[in-house]
Each structure stands twice: as structure tokens, then as C-alpha cells.
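Note that the coordinates shown come from a computational prediction; the quantities given were computed from them, not determined experimentally. Lettering follows sequence order; numbering is per chain, from 1.
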2 protein chains.
Amino acid sequence: MTALADRRRHATRSRTAARRAPARPSLPALSRSVEDYLKAVYHLSDHGGVATTKDIALKLMVAAPSVSMMLKRLSALGLVKRVPYQGAQLTREGRQAALRTIRRHRVLELYLTRHLGFAWDTVHDEAERLEHAVSDLLIDRMATALDNPRYDPHGDPIPTADGRIESADLVSLAAAPVGSELELRQVTTQDPERLRFLADHGLVPGLQLTVADRQPFGGPTTVRLRPAGTRQIVGMELAQVLQCRTRAK
Amino acid sequence: MTALADRRRHATRSRTAARRAPARPSLPALSRSVEDYLKAVYHLSDHGGVATTKDIALKLMVAAPSVSMMLKRLSALGLVKRVPYQGAQLTREGRQAALRTIRRHRVLELYLTRHLGFAWDTVHDEAERLEHAVSDLLIDRMATALDNPRYDPHGDPIPTADGRIESADLVSLAAAPVGSELELRQVTTQDPERLRFLADHGLVPGLQLTVADRQPFGGPTTVRLRPAGTRQIVGMELAQVLQCRTRAK
DNA sequence: GTTGTGGATTAGTGTCGACTAAATCTCCTG
DNA sequence: CAGGAGATTTAGTCGACACTAATCCACAAC
Ligand SMILES: [Mn+2]
Ligand SMILES: [Mn+2]
Ligand SMILES: [Mn+2]
Ligand SMILES: [Mn+2]
């Protein structure tokens, strides 16, 4: 008999899922590993491409065979469509699950910076663990406390509770022509050293700037910061990580 | 070769443990299960007693053999001293680990009620999961935001960051003699129904009251609430759960 | 078209933490 | 002090996820 297992399942589920509100569909609760794999596939299969075993393995720091096995399991769960030896993409269900985790991650990051004094270079790791433990209700409460924000501290868009996400088309500072008037919108690195450097120099989302100059052969870009008019030299490596929107003149 | 495993361990640890402050000793990071078992043993071996396999099994809703196995593992880790067929108690190390988890749990509960609008009957489950995912740093930040509180929403004492915990000696309302002047300090149930009922009737920690009457044969206790002077009849079952301190006259 | 090579999968293990069924122990009771 | 009830442990499995070693496939280059 499986009496014990049943009792457990029941106790856990009835207290959290039942009673409260209409509640979202609520899949059978995915494990931490599964959620992290789904996020990885989401981020690697940018705009309809496929995520390869190797890239997933690199991103999650696991061995390639682990990814192979997991993709098979995800495929059995209907979360991923995979072509052996080719790669995988998310199904609609998998995409929803990924976006739910991403929403949690980004709301958490913003909450930690806004309400608990964390710096933007330290929130990622914390959110990476918490995203699997928080309830939807808690995330909604945090989002409310934050006034339903649209972007996380790094400028990444926060998916809505019903799984929609904004897609902006941005140019990296490294690619913007000299003379462009830009608004810095996203910082696509998680490296604490780089993040600290950027924050120290005022290079955070929302910044208005003009591209003043760029040296050839991978040389640095010089920008003029908008409010102050001060100049700032940004090396190629960092410039690539600064995603900007062209400002309406 | 174990190159991959090493890289992982390093990456994880160096970003969290290294750099920041002197940092607490930081054991090799215990799993969720291990932490929950340690808490169970702590709570069941009140004041130097031993926790039995069966009671742990009941509390954690697992089968008895699972407990047997886990106790052996905990014993091997030096977290528990166990006498086969008799029971287990925490070692100093195990006690420290348990108190660390309990601190997290209680700080989380209080933070959720104070800063995120959760009711005291809903915070337990959320904290039960989050306690294993939060960092010490986050807990300290929450504690700071709460002004280093000494009690959680249910009146349970919050262990300090260095592992000390207050022990008050309280009487249950069910045992307090008629005429006692009491302060309600702790509510020792987690049942949401009971908690909601108690809150609805003003029976929360901090309440000043006088025992006005008690019916015999397990009958109800009548109390006079202090500020208002209103009377309240409390059944035996609830009275047992209300832990009070005798008020200095 | 064969072939090489890097990427992917299979095969075989290991660990953690759960389970059921079957021994085994403890201790109360007659 | 023998029996028996109840608690505990052992024995045997299982699923989720990781790993290494060995094999397999795709595709680009000759
Ligand atoms: Mn994660
Ligand atoms: Mn972010
Ligand atoms: Mn827990
Ligand atoms: Mn509590």
C-alpha cells in the first residue's frame, strides 16, 4: 500500500493549492533541476532556435550526458521538443514554466535590491536558489510591494503573472554608431566584478547617453552622459554588454 | 577525473562564502532533508530527552525506516548521538545547525507577516521551504529590517545569529490557576483554522489577561482580557495551546 | 564518397532519500 | 520469567540526478 505517500501528497497540496483564490493552473510542481534546465533552454534558444546539449551543459555546469538524460525526461513530460543529436526547444507548456521561474527570479532580484539593501551584483545567486522555493503568492506580494515593476535591477523584463514577456529590440553600445542618442536599458552580464565597476561609473539602466567616439580595431567607445555631460570611456568588452534603446529625438 | 565536480564546487562556494566578511563557520551545507530532521529532533527532545524514531516519522510524515536510515547518517556526520532502539539526541554541532534553521524559519515568518502582508496562519508552510534556500546574509538583512526581533509571530523565541535561544518558563492557560494574572506569550499550534480563530478573538501574544473561572472535568476556562475587560471562554483544547507568563503584580 | 572530429548518446555507477516487507529488539504483562 | 505488542532496524527497491567511459552520429574537409 502507498498510504503514506498519499497522505503526504495530500497534506502538502491541500494547504497550499486548495482554498486560496482561483489560483493558476499549477503543474505537479517541478524540481529545482527541472526548473533550471527549462530556464537554460529558454535562454539558449533565443527566438525560435534550438538549445544544444553542450551549451546547456556549459550553462548549468553539468556533464553532457546529464543533459541528454534530462532532456529525455523533459520531453516525456511534454515540456520540451527534442530531436536527438540536434537540440531541444521548449513546448508551450515548457515555455510557460520557464517564464514562471524567470518571473520569480527577477522579482526576487528587484525586491532584494529595493527592500533589503542588496547590491545588484549580489542578488543573482540568492535569487537562483530562492526562485525554486517561493510560492506564487509570495512573488505576487513582492511584486505588489514593488508596484508591479516591469524590469529587474539589470534591466531584464519581468514576465507577467500570466506569462507574457516584453521583447524590446536593443543595440549593444559596441554596435551603436557614433552620434547615436541612447538610453541604457539592459546590462547583460552577471559577473560581480563587472557589475560593480559599471555601477561605480553610473552605467546603470535608465542612463541617457550619446556616443561621442569609437576607436577602430576593437577599441573603446567614448560616451557623453546626459544629465551631467561628463565623458566616459568604455572598453569593447563592457560596451558589448550594455544594451541600449535609440532615443526618440 | 573529477574535474567537473570540482569546478562546480568551487564556483558555488567561492561566490557565496569567500570575500564577504569573517562569515560564520559554515558547515559543508546541509540538505533540506537533513535540516528538517535536525529541527524535528530538536523539537522532540525537549530539554535533554531523546527523540524516538516513531515521533520523528510522525512529525515529518515519513516512514519509520526512513528515519532509522537518516539517523544513522546524521550520526555519521556527528550531528546526532543515537542509541539503537532507544532514540537520538543532538550533539552540540547538531544543535547549532538546528538552531540556525529555526532562526531562519522564525525570522522569515515574522518578515512575511510584517512586511509582506501574510497572516500568521499562512506563514509556516512558506517558511518551511524558504528556510533551506535563504542565505545567512539575507536572514540578517531581514532581521535588521525587523529591528532584531526576539519573537516570531507565534511568540516563539528567535535564536540569535550565534546560536543562543531564550528559554522562558511558561504555563499553559489550561494549567494556570483561577485568579492568575497572565500575559499570553506563545501559541503552540500551527493549525490554520485554530490560528485564525485565535486571532479573530484577540488571543495573540502580548495579550494581558486574568483567569476568571474554569469548569471541571476538562471544561472551558473563562478569562478576562486586560485592556477591555471583556470576557472570553476558551475550550480546553485551545487553552492548552496558549502559553502564558505570570505577570508581576 | 570516404574519413575525421567534435558533439551526443548509451552503458554502467553512485548518492540521497524515500518506500514496503520482513526480521529483531524492548519492555510490559500475566 | 515467558509471551506478545509495539517500536525499531534490516533487507531489498526505486526514482531523481549526477558522474565517467565507451560508443555513435553528423557534418565538414578532403
Ligand atoms: Mn535556480
Ligand atoms: Mn537579473
Ligand atoms: Mn523545512
Ligand atoms: Mn512560528
Side-chain angles (χ1 to χ4, degrees), chain A residues 1-12 27-41 44-45 49-77 79-89 132, chain B residues 1-12 28-41 44-45 49-77 79-89 129 132:
Chain A
M1 222 209 295
T2 323
L4 228 171
D6 282 350
R7 235 190 313 143
R8 281 193 96 181
R9 225 186 314 280
H10 190 269
T12 308
L27 303 165
L30 305 174
S31 72
R32 175 185 176 149
S33 283
V34 165
E35 289 182 340
D36 280 339
Y37 274 95
L38 291 176
K39 276 206 315 180
V41 174
L44 290 171
S45 59
V50 302
T52 69
T53 298
K54 192 195 182 200
D55 287 349
I56 298 169
L58 273 180
K59 190 169 245 263
L60 297 182
M61 300 220 285
V62 298
S66 308
V67 177
S68 260
M69 282 288 104
M70 179 59 97
L71 287 180
K72 237 183 290 182
R73 225 176 317 147
L74 294 180
S75 166
L77 288 172
L79 298 170
V80 134
K81 199 180 346 169
R82 110 195 168 97
V83 180
Y85 291 98
Q86 302 291 134
Q89 358 178 227
H132 314 289
Chain B
M1 221 211 294
T2 323
L4 228 171
D6 281 350
R7 236 191 312 144
R8 280 194 98 182
R9 224 187 314 280
H10 191 272
T12 308
L30 306 173
S31 71
R32 174 184 177 151
S33 283
V34 166
E35 289 182 340
D36 280 339
Y37 274 94
L38 292 176
K39 277 205 314 178
V41 174
L44 290 170
S45 60
V50 302
T52 69
T53 298
K54 194 197 182 196
D55 288 350
I56 298 169
L58 273 179
K59 190 170 247 260
L60 297 181
M61 299 221 285
V62 299
S66 308
V67 177
S68 259
M69 282 289 104
M70 180 57 98
L71 287 181
K72 238 183 289 183
R73 227 179 313 149
L74 294 180
S75 165
L77 289 171
L79 298 170
V80 133
K81 198 180 347 169
R82 113 194 164 98
V83 180
Y85 291 97
Q86 303 290 134
Q89 355 180 230
R129 279 174 285 110
H132 314 289

What's the closest nucleotide to the side chain of Tyr37(A) if the choices are dT8(D), dC19(C), dA18(D)? dA18(D)

Just checking Ser68(B): base, sugar-phosphate only, or nothing, at a heavy-atom cut-off of under 4.0 Å? base

Hey, are the side chains of Val50(A) and Val41(A) touching, using non-hydrogen atoms and a 4.5 Å cut-off? no

Nearest listed nucleotide, side chain of Ser33(B), among dA18(C), dA18(D), dC27(D): dA18(C)

If you measure from the Lys or Arg side-chain nitrogens to the Asp or Glu carboxylate oxygens, is any gap between Arg32(A) and Asp36(A) under 4.0 Å? yes

Closest to side chain of Val62(A), choosing from dC25(C), dT9(C), dA18(D): dA18(D)

From C-beta outward on Ala63(A), which listed nucleotide comes closest to its side chain: dT8(D), dT9(C), dT20(D)? dT20(D)

Rounded to whole angstrom units, what separation is found between the CG atom of Leu71(B) and the P atom of dA7(D)? 16 Å

Nearest-neighbour nucleotide for the Ser66(B) side chain, dA18(C), dT24(C), dT10(C) considered: dA18(C)

With the side chain counted from C-beta on, respond yes when Val34(A) and Met70(A) share a heavy-atom pair under 4.5 Å apart, and no when they do not. yes

From the candidates dT9(D), dT10(D), dT9(C), the one with an atom nearest any side-chain atom of Arg82(A) is dT9(C)

Which part of the nucleic acid, if any, lies within contact of Arg32(B), taking any heavy atom under 4.0 Å across all strands shown: a base, the sugar-phosphate backbone alone, or nothing? nothing

Just compare dA7(D), dT9(D), dA8(C) and give me whichever is closest to any side-chain atom of Lys54(B). dA7(D)

Atom CE of Met69(B) to atom C1' of dA18(C): distance rounded to whole Å? 12 Å

Distance test, side-chain N/O of Gln86(A) to OP1/OP2 of dT9(C), below 4.0 Å: no

Is there a side-chain contact between Ser33(B) and Glu35(B), using heavy atoms and a 4.5 Å cut-off? no

Contact class for Thr53(B) vs. all strands (heavy atom < 4.0 Å): base, sugar-phosphate, or nothing? sugar-phosphate

With nearest nucleotides of DNA chain D determined for Pro84(A) and Pro84(B) from heavy-atom distances, which residue corresponds to the more 5′ nucleotide? Pro84(B)

Give a yes or no on whether the backbone of Ser45(B) and the side-chain of Gln89(B) come within a donor-acceptor separation of less than 3.5 Å. no

Out of dA18(D), dC24(D), dA11(C), which nucleotide sits closest to the side chain of Met70(A)? dA18(D)

